[in-house]
Amino acid sequence: MTLTKLTVESAIADLCNNLAATYPGNQMLNYGEAVESIIENQAGNYVTKDGVTYCAVNDGYKLVLFLVRESASVQLQVAGGRANSLLRTVTIKLVANTTLESAEFAITSIINRTKGITYESTDYDSKAIARQFFGLEERNFETAFFTINLSVTERINCEVTC
């Protein structure tokens, strides 16, 4: 019997693999995990974790998405932290732009069958999402924007090196 440790990184990797299997080839552009851009005078609002690529709408794909870590909260801290173990829940927002009518439903189904990930909620406010996450001002869109909130609970075993 092999025990595998669930981490946020492993859960995100599983989710991305499941998404790639559902949307193969050039149907989906997945930027992966992204962070808010704080570089002055830059067009994009979010950039890939490595800081190289801005997360942008791309008409060449039916689905464009990226993931943003929103927050983390402690679920269990054994012995007030003296036991070197912490159980925490990390909240992640999946941000998407799509021309597919059923994309949100399909992604929610994929999230529900991905081990270690819990579906929380969906937001459909396209104009606000386009402005906040893609840096697009209000206009008529031919595509839909939505976000899905999900969470992953991971255990952190902290050694002396923490």
Side-chain angles (χ1 to χ4, degrees), residues 2-39 42 44-58 60-77 84-100 102-126 128-130 132-135 143-159 161-162:
T2 304
L3 295 175
T4 57
K5 182 179 176 185
L6 178 71
T7 64
V8 172
E9 287 78 14
S10 67
I12 287 174
D14 287 348
L15 176 60
C16 289
N17 289 336
N18 290 342
L19 287 166
T22 303
Y23 299 101
N26 64 351
Q27 291 185 40
M28 177 184 70
L29 173 58
N30 183 351
Y31 287 107
E33 197 169 349
V35 294
E36 192 167 8
S37 173
I38 55 173
I39 299 171
Q42 295 297 319
N45 285 2
Y46 282 80
V47 64
T48 53
K49 204 170 165 182
D50 61 9
V52 174
T53 308
Y54 281 94
C55 301
V57 172
N58 187 323
Y61 297 90
K62 294 178 181 178
L63 175 65
V64 176
L65 62 87
F66 61 92
L67 299 137
V68 178
R69 289 188 195 212
E70 293 277 291
S71 64
S73 60
V74 174
Q75 299 302 313
L76 177 66
Q77 191 171 14
N84 295 332
S85 179
L86 175 71
L87 189 66
R88 72 176 187 163
T89 298
V90 178
T91 304
I92 299 166
K93 188 175 293 286
L94 183 147
V95 181
N97 165 247
T98 185
T99 58
L100 301 169
S102 63
E104 186 274 333
F105 181 80
I107 293 171
T108 301
S109 297
I110 293 166
I111 289 168
N112 282 331
R113 68 176 186 258
T114 302
K115 183 181 178 191
I117 298 181
T118 303
Y119 169 81
E120 301 288 338
S121 64
T122 300
D123 182 5
Y124 301 106
D125 189 354
S126 282
I129 294 165
Q132 179 183 353
F133 292 100
F134 291 97
T143 60
F145 293 85
F146 62 88
T147 60
I148 297 176
N149 296 313
L150 50 105
S151 62
V152 177
T153 301
E154 68 179 353
R155 179 175 300 281
I156 300 171
N157 292 316
C158 186
E159 300 300 325
T161 58
C162 285

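Along the sequence shown, the residues carry numbers beginning at 1. All values below were derived from every heavy atom in this structure, side-chain atoms included, with hydrogens, water molecules and symmetry-related copies excluded.
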Q: Are side-chain heavy atoms of F133 and N97 found at a separation under 4.5 Å?
A: no
Q: Please give me the minimum heavy-atom distance between V64 and A56, naming the atom from each residue.
A: CG1-O, 3.5 Å
Q: Taking it one step at a time, do V47 and V52 satisfy side-chain contact (heavy atoms from CB on, under 4.5 Å)?
A: CA-CA 7 Å; V47 64; V52 174; over 6 Å; no
Q: Please name the pair of heavy atoms, one in I117 and one in L150, separated by the smallest distance, quoted to 0.1 Å.
A: CG2-CD1, 3.7 Å
Q: Could you pull out the closest heavy-atom pair between L65 and L63, with the gap in Å?
A: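 In terms of heavy atoms, the two residues are closest at CD2-CD2, 3.8 Å.
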Q: Calculate, to the nearest 0.5 Å, the distance between atoms NZ and CD1 belonging to K49 and I12 respectively.
A: 7.0 Å
Q: Please name the pair of heavy atoms, one in T99 and one in T143, separated by the smallest distance, quoted to 0.1 Å.
A: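 So the two residues come closest at CG2-CG2, 3.3 Å.
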Q: Before giving the answer on side-chain contact (heavy atoms from CB on, under 4.5 Å), spell out for T91 and E120 the whole-Å C-alpha distance, their side-chain angles and the decisive distance to 0.1 Å.
A: CA-CA 9 Å; T91 304; E120 301 288 338; 5.6 Å; no
Q: Nearest heavy-atom pair of L6 and G116: which atoms, and what distance?
A: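 Heavy atoms of L6 and G116 come nearest at CD2-CA, 3.5 Å.
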Q: Rounded to the nearest 0.5 Å, how far apart are OH of Y54 and OG1 of T48?
A: 9.5 Å
Q: Just grab all the side-chain hydrogen bond (donor to acceptor under 3.5 Å, both in side chains) pairs involving residues 13-30, residues at least two apart or on different chains.
A: N18-T114
Q: Quick one: are V68 and Y46 in side-chain contact, heavy atoms under 4.5 Å?
A: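 V68 vs Y46: side chains touch.
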Q: What pair of heavy atoms forms the shortest contact from N149 to K93, and how long is it?
A: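 Nearest pair, atom of N149 first, then K93: OD1-NZ, 2.7 Å.
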Q: Nearest 0.5 angstrom please: I111 CD1 to I92 CD1, how far?
A: 9.5 Å
Q: Applying side chain to side chain donor-acceptor pair (under 3.5 Å), name anything that partners S102, two or more places apart in sequence or on another chain.
A: none
Q: Do the non-hydrogen side-chain atoms of C16 and L67 ever get within less than 4.5 Å of each other?
A: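 They are in contact (side-chain heavy atoms under 4.5 Å apart), so the answer is yes.
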Q: Applying side chain to side chain donor-acceptor pair (under 3.5 Å), name anything that partners T98, two or more places apart in sequence or on another chain.
A: none
Q: When the side chains of residues 103-110 are checked against the rest of the protein, which donor-acceptor pairs come out under 3.5 Å, sequence neighbours left out?
A:
from	atom 1	to	atom 2	distance (Å)
E104	OE1	Y124	OH	3.2
E104	OE2	T108	OG1	2.9
E104	OE2	T122	OG1	2.9
T108	OG1	E104	O	2.8
S109	OG	F105	O	3.1

Q: Checking N112 now: which residues fulfil side chain to side chain donor-acceptor pair (under 3.5 Å) with it, not counting sequence neighbours?
A: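 Scan of N112 (side chain to side chain donor-acceptor pair (under 3.5 Å), adjacent residues dropped) gives none.
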Q: What pairs meet the side-chain hydrogen bond (donor to acceptor under 3.5 Å, both in side chains) rule with one or both residues in residues 60-73, with sequence neighbours excluded?
A: E9-R69, E33-R69, S73-Q75
Q: State whether the side chain of N45 and the backbone N or O of Q132 hold a donor-acceptor pair below 3.5 Å, judged by distance alone.
A: yes
Q: Can you confirm whether or not the ring centre of F66 sits under 6.0 Å from the ring centre of F134?
A: yes
Q: Show your working on side-chain hydrogen bond (donor to acceptor under 3.5 Å, both in side chains) between T153 and T89 and close with a plain yes or no.
A: CA-CA 4 Å; T153 301; T89 298; 2.9 Å; yes
